[in-house]
Structures are given as structure tokens and as C-alpha cells.
Amino acid sequence: MSKPLGKETKDAGMQTMLAHYGDETFLGAVVPPVFMNTLFTFDSYEAFHKSQWQQEAYYYSRISNPTRQIAEKKLAALEKGEAAKLFTSGMAAISSTLLHCLSQGDHVVCSYPIYGGTYQLLQNYLPKFGVTADFVDFRQLDQVQAAIKPNTKMLYCEGFSTFYMDVFDIPAVVQIAKKHQLLTVMDNTCATPATMRPIEWGIDIVIHSASKYLSGHSDVTAGVVIASQERIDAIANNEIVLLGATLAPLEAWLLTRGLKTFGLRMKQHAESAMRIALMLSQHPHVSRVNLPLLEQHEQYELAVRQFKGNTGLFSFELHGGPSAVAKLMNNLKLFQIGVSWGGFESLIYSPGLAINPEQKSRTEHETRLEHTVRLSVGLEDIDDLMEDFNQALASL
């Protein structure tokens, strides 16, 4: 039987930790099995009674499962958080977090542009429970400060904005939150822990759509919340139990499989995306590349202070408007049209097809919306991706 690798790998390098930390050793299996069972039985009344009060005990898979726990341990360590809980989707993680943290009469200050599901939840759904929100540009600290009310409970934001990759001064926003004793929540799906760990910057709660880069294979729908052990225990005892949106064992196993190569995948995504972004920044059909890690970007100095590098996700803007966007998207062969990102495959999308009309009017990006294309650069050979883009741009 192989020697078990456990706690000693938690503080190892990222790729070493993901390869080993949290894995149980079962008869020497290098890959932990999938515990597909719905329940766990006990030898005695006393043992079952004790399990109800121990987080580590398993008795029903909706509440706790060894396969899911392996992934949760890796994700918490990846974000340098104390604990994590997995959900059936990124939206389940977002909604469970908001429902856990907010009460009737509370107010949220949220950054924009924000993921569409988050916007709909805060703008249209939670108000019927007495929770309200204002959406402001977090790059403008005076706007954040001005939006805070006596009943404000939370600052909610994204590390990179979903479509334009805008960044803001994280330490300054955290300082504002602490001054007013507000909870801070960051969706780190776009930036990923490979480039930035919000908890290290003072953010209280981190959320991911684990369907994206964390799983990396476009075969898992999942979400995760990472925070202090106390807060995760409270979510486990309330939203996990009562709302029931916990991730199934098979999906948790697939997510763990994807995490094993997360660090390596992110290096390739980043390298290929930067090559394409540099090419686009010099192309006559392109008016702007929205990637703060490019030296010519106006937020470059702030970005390099806060981020270790880029991911495979960025957007750019075309001369020619919607017709040029449509022609480019239709002429690409390797970049498929798809709404998500973060998988092995290269995808292209336009925010003009997705951003809620109400959200459009809230941002200076409104006039650029129909000109914008978002890329998720995959793991195909970079020479093939460059050739595909050059032929598509030539068609314009």
C-alpha cells in the first residue's frame, strides 16, 4: 500500500498541492474512488448520534460526502481560505451566499458590469424579500463610498469584470468596507486563483463558477464558496441543508480530476491568450483590446500590482460594429461560438448578445457593446489559433 500524502502537501507549491492534498488512500489507488452512495450506515445508536454533531462524519450525501470533501479541501487550499463548500452551479453558490448573508432590509453595493445572473438576482429577485442593491463603478472609489447607506451590509464585486476585464483598487475597497463594517464578497471566476487570491487581499468570501477554469474540461457544472471555517460551517448547517443544492459525487470527482492539471492548464491558456492579444492590439481592424496586463492598457500599473498574470479570457473591440463582429465570428473555425469559458476548447462570444438592457444603461461601455468580442483562448496549438484568427480578420 502506498504512503498516504496528506497535510504535509497543503502548503506545497500549487501544482503539488492540487495533485495530492486532501486525497484519501484506498488500497493504494492513485485516484480516489467516487462515493456514489446516498447514505452511510452506523454500527450503533451512539455512533449515529455522535455523527450529527461532527463535520467530519458522513451520514447522508446531500450533507457530506468523501468525494466532495476532497475537492473542497483542494479548493480552500488553492484560494488560501479556511474551508469551502461545493454547489451544483455557480449561481447556486452565489444565491446561497447572498441568502445566507443578507436579511430583510439589507442593502448591497455591487460592481458593474456584473455577471448577468448576479445582476438579475440582486436587481429583480431579492427585492421581493426586502433586499435592495445599487450598482456602481468600483473603479471610482467615490462612487462606492457615496452608494453606502445606513442599511448597507455587503460590497459585492468581480476581480475582473465579466466582459471588459476592468480592475479596481482592491485594498482601497477593502478599506472602505472595514471602515463601515461591511462584508466583502468577490466572484473570482474570471481571474482565478492562478492569478489572484482575494482572501489574501482582505476579501471575506470568494465565489467561483467551478464549471470554468477550475474543472477545465467543459463537462462539469459546479460552484464553490470559500471563506472562514466558521462561515462555511454556518452555510453548511443552513443553506446546504435547507436549499439542497450540493454537488453530486460524480461531478465532484470530475472537478478534482480537472484540478490536478489546473496550474499547467492556466500557464498555457495565459501564454496563448497573450500572443493573440498582442497580435490584435496591432491589427488595423481592432480599435481596442480589453486586457489590463497589456502595457498600453490604462489600468496596467494597477493590474500588475494585484495580479500575477492573465488567464485565457479577454475581449477586444472591432471597427465596423455589429456587422464586423458577426462576420468575424462566422468566419472563425477553431473558435466556436459559445456562452461560457475556461474549458480546453477556444470560444468566442459577444456581450452585445448577453448583457441585460437595464445593465447597458449603467455603464460607459454602452456605446462599445455591439463592437465587442470576448475570447476564451483554449489549449489548441497556438500556431493554429493564430492562423485561424488571421484568416478571419482578413475576411473583414
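Side-chain atoms are counted along with the backbone in the values below, which use heavy atoms only and exclude waters and symmetry mates.
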For [range], pull every pair meeting salt bridge (charged side-chain N to carboxylate O under 4.0 Å, His left out), keeping only residues two or more places apart or in separate chains.
| range | value |
| --- | --- |
| residues 96-121 | Asp106-Lys153 |
| residues 293-305 | Arg288-Glu298 |
| residues 115-125 | none |
| residues 244-259 | Asp219-Arg257 |

State yes or no: are the ring centers of Phe314 and Phe160 separated by less than 6.0 Å?
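Between Phe314 and Phe160, the centre distance exceeds or equals 6.0 Å.
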Check: Tyr119 ring centroid to Phe135 ring centroid under 6.0 Å:
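Yes; Phe135 has its ring centre under 6.0 Å from that of Tyr119.
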Does any N or O in the side chain of [X] come within less than 3.5 Å of the main-chain N or O of [Y], such that one atom is a donor and the other an acceptor?
| X | Y | answer |
| --- | --- | --- |
| Arg374 | Pro351 | no |
| Thr16 | Ala12 | no |
| Arg139 | Val167 | no |
| Thr184 | Asp204 | yes |
| Ser272 | Val377 | no |
| Ser161 | Asp166 | yes |
| Ser89 | Ala92 | yes |
| Thr162 | Ile114 | no |
| Arg68 | Ser61 | yes |
| Gln104 | Gly130 | no |

Indicate whether the side chain of [X] and that of [Y] have a donor and an acceptor atom separated by less than 3.5 Å.
| X | Y | answer |
| --- | --- | --- |
| Gln391 | Ser395 | no |
| Ser218 | Glu345 | yes |
| Glu79 | Asn188 | yes |
| Glu82 | Ser228 | no |

Please name all residues satisfying salt bridge (charged side-chain N to carboxylate O under 4.0 Å, His left out) with [X], sequence neighbours left out, ordered by chain then number.
| X | value |
| --- | --- |
| Asp383 | Arg275 |
| Asp384 | none |
| Lys260 | Asp23 |
| Lys178 | none |

Give the intermediate values and the outcome of ring-ring contact (aromatic ring centres under 6.0 Å, His included) for residues Phe389 and Phe335.
CA-CA 9 Å; Phe389 235 99; Phe335 285 82; 5.1 Å; yes
Working for side-chain hydrogen bond (donor to acceptor under 3.5 Å, both in side chains), residues Asp233 and Gln229
CA-CA 6 Å; Asp233 286 347; Gln229 186 70 60; 2.8 Å; yes
How far does [atom1] of [X] sit from [atom2] of [Y], to the nearest 0.5 angstrom?
| X | Y | atom1 | atom2 | result |
| --- | --- | --- | --- | --- |
| Lys212 | Trp341 | NZ | CH2 | 5.0 Å |
| Ile205 | Arg231 | CD1 | CZ | 4.5 Å |
| Phe262 | Leu214 | CZ | CG | 5.5 Å |

May I ask you to test the Leu375-Phe316 pair for a side-chain heavy-atom distance under 4.5 Å?
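Yes; the side chains approach each other to less than 4.5 Å.
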Check the angle between the aromatic planes of Phe40 and Phe35 and answer parallel, tilted or perpendicular using the 30° and 60° thresholds.
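Taking Phe35 first and then Phe40, their aromatic rings sit tilted (interplane angle of 30° to 60°).
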Check the angle between the aromatic planes of His217 and Phe344 and answer parallel, tilted or perpendicular using the 30° and 60° thresholds.
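Geometry flag for Phe344 against His217: tilted rings.
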Applying side chain to side chain contact (heavy atoms under 4.5 Å, CB included), can you list everything that pairs with [X], at least two apart in sequence or on another chain?
| X | result |
| --- | --- |
| Ser96 | Phe87, Glu239, Leu243 |
| Pro171 | Asp169, Trp201, Gln306 |
| Thr152 | His107, Val109, Ile148, Lys149, Leu182 |

Can you check ring-ring contact (aromatic ring centres under 6.0 Å, His included) on Tyr125 and Phe129, steps first, answer last?
CA-CA 8 Å; Tyr125 190 81; Phe129 299 107; 5.7 Å; yes
Worked verdict on Gln69 versus Ser64 for side-chain hydrogen bond (donor to acceptor under 3.5 Å, both in side chains):
CA-CA 7 Å; Gln69 188 180 62; Ser64 58; over 6 Å; no
Restricting to non-hydrogen atoms, name the atom on [X] and the atom on [Y] that form the minimum distance, rounded to 0.1 Å.
| X | Y | value |
| --- | --- | --- |
| Ala303 | Pro292 | CB-CB, 3.6 Å |
| Ile232 | Ala83 | CG1-O, 3.5 Å |
| Ser346 | Gly378 | OG-N, 2.7 Å |

Mind jotting down which residue pairs meet the side chain to side chain donor-acceptor pair (under 3.5 Å) criterion with at least one end in residues 307-316? Sequence neighbours excluded, please.
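Side chain to side chain donor-acceptor pair (under 3.5 Å) check on residues 307-316 returns Asn290-Ser315.
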